[in-house]
Protein chains: 2
Amino acid sequence: MFEVDNFDFQILRAIQKDARIPQSELGEVVNLSTAAVNRRLKKLKENGVIKQYTALLNQESLGFGLTIITNIEVESEQIHELDATRRDFENCPYVQQCYYVTGEWDFVLIFAVKSMDQYNDLTRELFFQKPNVKRFKTLVAMSKAKVGLELAL
Amino acid sequence: MFEVDNFDFQILRAIQKDARIPQSELGEVVNLSTAAVNRRLKKLKENGVIKQYTALLNQESLGFGLTIITNIEVESEQIHELDATRRDFENCPYVQQCYYVTGEWDFVLIFAVKSMDQYNDLTRELFFQKPNVKRFKTLVAMSKAKVGLELAL
DNA sequence: CATGAAATTAGAAAATC
DNA sequence: GATTTTCTAATTTCATG
């Protein structure tokens with residue numbers, strides 16, 4: 001496994017907040033030369049510590065005002081069934097997040113959709129038409145108090 | 001509200017996948033000059049359509065191998081109590097996401113933590129010690145089939 | 001209003017020590 | 001690891017529709 005030292009942690013912390021920060025600034029913060037920062041960033045990316053650089057978009061301004069969390073219980077927990085179900089969920093572009101969990105439920109999905117109508121359509125497609133979905137429960141987000149994938153480094 | 005046209009949508013789609021794509025490449029994809037792409041990106045950022053450029057990190061390699069989803073029911077739904085509770089959740093750095101929801105529960109939290117022990121400590125801090133938390137239910141993610149905040153543009 | 005082409009500035013990457 | 005050089009990309013300017 002790739003070793004991440006304190007310099008790396010500082011760099012990662014900074015680029016989580018702003019992936020566009022110049023490497024020179026990064027160098028000042030961390031007390032390294034820009035070249036050192038550059039090499040470290042490259043390594044972190046190559047080793048998969050940095051998975052992706054992305055832009056977080058404003059869901060509301062783009063018409064995806066509805067966030068919905070769905071808990072799902074499956075009929076069969078056989079590996080093949082489970083994998084197929086998981087794939088169905090993953091392949092839906094409106095499913096932002098899909099977790100396979102232990103506990104009261106088997107899956108938790110987080111949807112970003114345009115309307116309730118659209119969500120209803122998706123429930124038909126993803127739940128009612130799939131024999132392996134036993135039951136599901138819908139939670140509608142009234143507000144997203146905190147949304148992000150930042151780590152507490 | 002800011003109007004997003006088809007060029008913008010294409011640009012946004014591309015930078016969701018890779019925020020580091022050169023504006024020249026972006027221009028080729030979208031059939032615009034780099035200057036036009038540059039101006040559009042600037043506007044999209046200024047208008048908050050692009051909220052943030054960020055790096056998605058590999059939780060496992062950084063020691064945050066545990067993802068936990070917690071459903072919470074509160075005692076009082078009075079606005080002040082609710083706000084205070086929400087703030088407590090938000091302020092916890094290990095809470096990646098916090099949704100205030102309708103339905104069977106009031107809040108859904110997603111934690112990225114290092115260990116079960118740490119989560120237990122957090123439950124004490126955030127739930128048991130808070131009078132407004134009536135009950136909560138923990139779901140442990142066995143696998144994150146899909147994690148991201150991309151929109152289906 | 002927007003665009004594209006060209007010039008400028010800034011940044012990233014590579015080579016060197 | 002730092003400095004310096006080279007190369008690439010972002011940004012600004014300016015003329016045009």
Side-chain angles (χ1 to χ4, degrees), chain A residues 1-65 114 148-151 153, chain B residues 1-63 148-153:
Chain A
M1 192 180 235
F2 183 70
E3 175 159 357
V4 179
D5 69 11
N6 266 318
F7 287 119
D8 293 326
F9 272 113
Q10 289 185 73
I11 291 170
L12 294 171
R13 217 172 288 141
I15 64 170
Q16 277 196 128
K17 280 190 258 163
D18 177 14
R20 293 248 157 144
I21 182 174
Q23 298 177 358
S24 53
E25 273 187 56
L26 221 39
E28 286 170 30
V29 177
V30 192
N31 277 310
L32 281 176
S33 69
T34 64
V37 169
N38 185 280
R39 280 190 296 262
R40 280 163 179 273
L41 281 170
K42 197 180 168 195
K43 276 199 183 171
L44 289 164
K45 188 84 211 296
E46 282 170 357
N47 287 281
V49 179
I50 297 170
K51 288 202 293 191
Q52 192 189 346
Y53 292 103
T54 187
L56 299 183
L57 308 182
N58 187 320
Q59 304 199 172
E60 286 70 29
S61 16
L62 293 164
F64 290 84
K114 293 176 184 255
L149 299 172
E150 277 191 35
L151 297 180
L153 297 175
Chain B
M1 192 178 235
F2 182 71
E3 176 159 356
V4 179
D5 68 12
N6 266 318
F7 287 119
D8 292 326
F9 272 112
Q10 289 184 75
I11 291 170
L12 294 172
R13 216 172 288 140
I15 62 170
Q16 277 196 127
K17 280 190 257 164
D18 177 14
R20 292 248 158 143
I21 182 175
Q23 298 177 1
S24 54
E25 271 187 55
L26 223 37
E28 285 170 29
V29 177
V30 192
N31 277 311
L32 281 176
S33 68
T34 64
V37 169
N38 185 283
R39 282 187 293 263
R40 280 165 179 272
L41 281 170
K42 196 179 168 197
K43 277 201 183 173
L44 289 164
K45 188 84 209 298
E46 282 170 357
N47 288 280
V49 178
I50 298 169
K51 287 202 292 189
Q52 192 189 346
Y53 292 102
T54 187
L56 299 184
L57 308 183
N58 187 321
Q59 304 200 170
E60 286 71 30
S61 16
L62 293 164
L149 299 172
E150 277 192 37
L151 297 180
L153 295 175

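Hydrogens, waters and symmetry mates play no part in the numbers below; they use all other heavy atoms, side chains included. We name chains A, B, ... by the order of the sequence lines, and we start the count at 1 in each one.
If you take NZ of B/Lys42 and P of D/dT11, they are 9 Å apart, rounded to a whole angstrom.
Annotation: the span from A/Leu57 atom CG to B/Ile15 atom CD1 amounts to 6.0 Å, rounded to 0.5 Å. Rounding to the nearest 0.5 angstrom, the gap separating the CZ atom in A/Arg20 from the CG atom in A/Asp18 is 8.5 Å. Annotation: the span from A/Leu153 atom CG to A/Gln10 atom CD amounts to 11.0 Å, rounded to 0.5 Å. Note that CG of B/Leu41 and OG1 of B/Thr34 are 11.0 Å apart. Values are rounded to the nearest 0.5 Å.
Residues from residues 20-40 of chain B placing a heavy atom under 4.0 Å of any atom in DNA chain C, listed by number, are B/Leu32, B/Ser33, B/Ala35, B/Ala36, B/Arg39, B/Arg40.
Applying the side chain to side chain donor-acceptor pair (under 3.5 Å) test to pairs two or more places apart or on separate chains, none has a residue in residues 45-55 of chain B.
Taking 4.0 Å as the cutoff to heavy atoms of chain B, we find the contact window on DNA chain C bounded by C/dA2 to C/dA5.
The heavy-atom pair separating A/Phe9 from B/Leu62 by the smallest distance is CE2-CD2, 3.9 Å.
When each of A/Ile50, A/Val30, A/Val29 is paired with A/Ile11, the side chain to side chain contact (heavy atoms under 4.5 Å, CB included) condition holds for A/Val30 and for no other.
Using a cutoff of 4.0 Å between basic side-chain nitrogens and carboxylate oxygens, B/Asp8 and B/Lys43 are not scored as salt-bridged.
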